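Predicted, not measured: the structure shown is a model, and the values here were computed from it. Chain A is the first sequence line, chain B the second, and so forth, proteins listed ahead of strands; every chain is numbered from 1.
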Number of protein chains: 2
Amino acid sequence: MSTAEDTAGGEAEAWGQVTPDAARRLLVAAVEAFAERGYHATTTRDIAGRAGMSPAALYIHYKTKEELLHRISRIGHDKALDILRTAARGEGDATRRLADAVSSFVRWHAGGRTTARVVQYELDSLGPDARAEILALRRQVDAEVRGIVEDGVASGEFDVPDVHGTTIAVLSLCIDVARWFNVDGPQTPDEVGALYADLVLRMVGAKQSPAQT
Amino acid sequence: MSTAEDTAGGEAEAWGQVTPDAARRLLVAAVEAFAERGYHATTTRDIAGRAGMSPAALYIHYKTKEELLHRISRIGHDKALDILRTAARGEGDATRRLADAVSSFVRWHAGGRTTARVVQYELDSLGPDARAEILALRRQVDAEVRGIVEDGVASGEFDVPDVHGTTIAVLSLCIDVARWFNVDGPQTPDEVGALYADLVLRMVGAKQSPAQT
DNA sequence: GGGCACACTAAGCGAGCGCTCAGCTTCGGC
DNA sequence: GCCGAAGCTGAGCGCTCGCTTAGTGTGCCC
């Protein structure tokens, strides 16, 4: 098993599970609009227009504008957690698994920046219940990364004085990629993923580079 | 000269330069509201209410709601740049200066999280002209950090294969503190600043810890 | 081929938005 | 003691927002 090439691919393919077709088109349109302008600056008319429908059509498939954001955030967090779990529970020592986790997580944030932006930065626009649900997923994301770091410390691979603080820093570094990464810029998602995996191994004081697979 | 204790202090003190008093109260109210709810979700009635004034009073001191954001962003970026310049042009080797820059920059993002949130995450809500002005300041911020990294590489203190990418990562790590830091959480701004300075020195492969001042 | 369920549209409602304006109060200059 | 400038308020304008409703077209079942 490799580092899951399919986790960081095209923008739209992750929405295949959403049916019917009109509901998926609206969801994809909402992701694009929210990523470009932010949730509050996006109008339901804009979303419907991007999906090639009238404003009223939105309300056949979703109760409110907030439900759109909730669904996007839920699917996105599920995907993010899936990526990290695949790497965290893969084969290899902690060094290998941390490098895989960071590089695939970063590739997802860079390559699917449109989605990742909404998922990571529009959390505060959700209502209390939806917010609480998403925060629970975030704690699981955190736990996956912390688990790898703790494994590496236990095995003597890593030198980490502050596991909690360092875990936050590693995740923070990955997540912020969604803010600054530019698809038209000089770096590809793969390059940033490789660079960040190396930087993170340095942060945890990894004794050696992971073997190439 | 030390690491500028006064750069990361209380929230409101940085606005002393804004006069008259009513204009400053409105600006501080706007910072709080924007940080809590975001620019687009904040109403001019809310800002004026927090400042203890009627909605119309806002327009005596500021032409539009966007001018408030512009002024906040400008003052905040000036402050951020000032913090980095102080550290970058201070005494000591590159290791010392990078550690100072990161720890003071992080302290500012953590301690003044309200301000930093608006400054770092509401850039897209500005119009094209204001946005361009702020982006120019950001490039200067970037240049200060890259300068230190390049100094360290040239002197042999650092081992950095990708100076450009690593500089972005260092800044990204610091900036994202404004997103996750919780004033009521277990960590103080000073602690996060010290941890992050250490993590960044590891990222650049610094040969030794900086001497304590 | 008649009827009905379903997806969708045109039109628009009530609310709240950014912002304006006429008028009130306060206060320094003379 | 009067005047004009400056700071502020109460009321509200024009607009756009999220969302609703009445009605239309389409296709499937019998």
Checking side-chain polar atoms at under 3.5 Å, does His70(A) have a donor or acceptor matched by the opposite partner on Glu133(A)? yes
For Glu122(B) versus Leu69(B), what's the shortest heavy-atom pair and its separation? O-CD2, 3.7 Å
Backbone N or O of Asp190(B) within a donor-acceptor pair of the Arg107(B) side chain at under 3.5 Å? no
Taking C-beta and beyond as the side chain, do Leu199(A) and Leu195(A) meet within less than 4.5 Å on heavy atoms? yes
Side chain to side chain donor-acceptor pair (under 3.5 Å) filter on Glu150(B), not counting sequence neighbours, yields none
Name the first nucleotide and the last nucleotide along DNA chain D (5' to 3') that come under 4.0 Å of a heavy atom in chain B. dC8(D) to dG12(D)
What is the distance, rounded to the nearest whole Å, between atom NZ of Lys65(B) and atom P of dG16(C)? 16 Å
Residue pairs fulfilling salt bridge (Lys or Arg N to Asp or Glu O under 4.0 Å) with at least one residue in residues 172-185 of chain B, sequence neighbours excluded: Asp176(B)-Arg179(B)
Charged N to carboxylate O under 4.0 angstrom, Asp82(B) versus Arg85(B)? no
Neighbours of DNA chain C within residues 50-61 of chain B, by heavy-atom distance under 4.0 Å: Ala56(B), Tyr59(B)
All side chain to side chain donor-acceptor pair (under 3.5 Å) counterparts of Arg131(B), not counting sequence neighbours: Asp124(B)
Does Lys65(B) make a cation-pi contact with Tyr59(B), if we ask for NZ or CZ under 6.0 Å from the ring centre and within 45° of the axis? no
Among residues 36-47 of chain A, which contact DNA chain C at a heavy-atom distance under 4.0 Å? Arg45(A)
Give me the ring orientation class for Phe105(B) and Trp108(B): parallel if the planes are under 30° apart, tilted from 30 to 60°, perpendicular past 60°. parallel
